[in-house]
Amino acid sequence: MTPPQVVVVMGVSGTGKTTVGRLLADELAVAYAEADSFHPPANIAKMSAGTPLDDADREPWLDAIAAWARERVEHAGAATSSPYGVRGVRGVVSCSALKRAYRDRLRGAGPGVFFLHLDGPPELITERLGGRQGHFMPRTLLDSQYADLQPLQADEAGVVLSVAEDPESIVRKAVTALERAAGADNGSGQATG
Ligand SMILES: Nc1ncnc2c1ncn2[C@@H]1O[C@H](COP(=O)(O)OP(=O)(O)OP(=O)(O)O)[C@@H](O)[C@H]1O
Ligand SMILES: O=C(O)[C@H](O)[C@@H](O)[C@H](O)[C@H](O)CO
């Protein structure tokens, strides 16, 4: 199994993809990207108006993110200064990646795409979204996010992490899972956090 090279922090809106993704990228001293920066204005306008995106809206967006990920790996400089055993990681991107077909598109970036699925119950995520100010994504779209969500499967390189703890604790578990995957000898790349 290829050690993790690009980490995708996935999950429904409000699970903390941006919060955890930024912290993790800082901890690993690698590049960070927020998937929303790859949306065309039409997608942002659609969500802001309370309409869920569909597959056609998301496919070019996912391809742009995959291109970013491929660039990280293909033009990787010297190993990062990360103090952890995850020196192969070259970037972190926060992206909902709700469906397996979406993750397949992102895996097109190369063999080392590793998913951190931030998982939490709707009532907790609703509460988190209620505390967030000034973001375009309406809470009313949370149901559609769960409806589209196809949880990470056991054959997909990645780990499912509960969001019922503080961001720093989640990042520590993510680093442990990445180190395990980097040294995985069972070929599955699966870790449990
Ligand atoms: N582990 C956590 N514990 C408590 N609050 C959190 C945690 N993670 C994120 N938050 C808070 O929850 C809200 C949503 O977090 P964030 O914007 O990172 O989620 P997201 O998954 O990126 O959302 P979206 O997909 O809509 O961009 C924010 O107000 C953030 O400060
Ligand atoms: O796939 C989608 O439905 C969208 O990309 C959402 O994930 C939003 O981008 C995000 O929740 C807002 O930041």
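All of these numbers come straight from a predicted model, not from anything done at the bench. For the numbers below, each heavy atom of this structure counts, side chains included, while hydrogens, waters and symmetry mates do not. All ligand and atom numbering here is 1-based and tracks the order in the structure.
- Near H135, meaning under 4.0 Å from any of its heavy atoms, are these atoms of ligand 2: 12 (C), 13 (O).
- L98 contributes atom CG, which lies 5.0 Å from atom CD of Q145 (distance to the nearest 0.5 angstrom).
- Nearest protein heavy-atom neighbour of atom 4 (C) of ligand 2: M47 SD, 3.6 Å.
- A parallel orientation is assigned to the rings of W61 and H39, their planes being inclined by less than 30° (bins at 30° and 60°).
- Applying the side-chain hydrogen bond (donor to acceptor under 3.5 Å, both in side chains) test to every pair with at least one member in residues 104-113, sequence neighbours left out, gives these pairs: D63-R105, D104-R107, R107-E156.
- Among all heavy-atom pairs drawn from A69 and V6, the shortest one is O-CG2, 3.7 Å.
- Nearest protein heavy-atom contact of atom 5 (O) of ligand 2 is H39 NE2, 2.9 Å.
- Contact annotation: E34 has no heavy atom less than 4.0 Å from any atom of ligand 2.
- Between the side chain of R72 and the main chain of W68, a donor-acceptor pair closer than 3.5 Å is present.
- The backbone N or O of V12 lies less than 3.5 Å from a partner atom in the side chain of K17, making a donor-acceptor pair.
- To the nearest 0.5 Å, atoms NZ (K173) and CG (L24) are separated by 15.0 Å.
- Taking 4.0 Å as the cut-off between side-chain N and carboxylate O, D155 and R100 count as a salt-bridged pair.
- The W61 neighbourhood of ligand 2 comprises atoms 1 (O), 5 (O), with distances under 4.0 Å to a heavy atom of that residue.
- Atom numbering of ligand 2 starts at 1 in the shown order; those under 4.0 Å from a heavy atom of S13 are 11 (O).
- Using a 4.5 Å heavy-atom threshold, the side chains of L141 and P52 count as touching.
- Numbered from 1 in the order shown, with element, the atoms of ligand 2 that lie under 4.0 Å from a heavy atom of F136 read 12 (C), 13 (O).
- The immediate protein surroundings of ligand 1, defined as residues with any heavy atom under 4.0 Å of it, consist of V12, S13, G14, T15, G16, K17, T18, T19, R128, R132, H135, V163, E165, D166, P167, I170.
- The contact set between ligand 2 and S96, taken as ligand atoms under 4.0 Å from a residue heavy atom, comprises 1 (O), 2 (C), 5 (O), 7 (O).
- The heavy atom nearest to atom 6 (C) of ligand 2, out of those in K99, R58, Q145, is found in Q145.
- For the residue pair T18/E34, the side-chain donor-acceptor check at 3.5 Å is satisfied.
- For atom 9 (O) of ligand 2, the nearest protein heavy atom (residue, atom name, distance) is D36 OD1, 2.6 Å.
- A donor-acceptor pair shorter than 3.5 Å can be found between the side chains of Y102 and D55.
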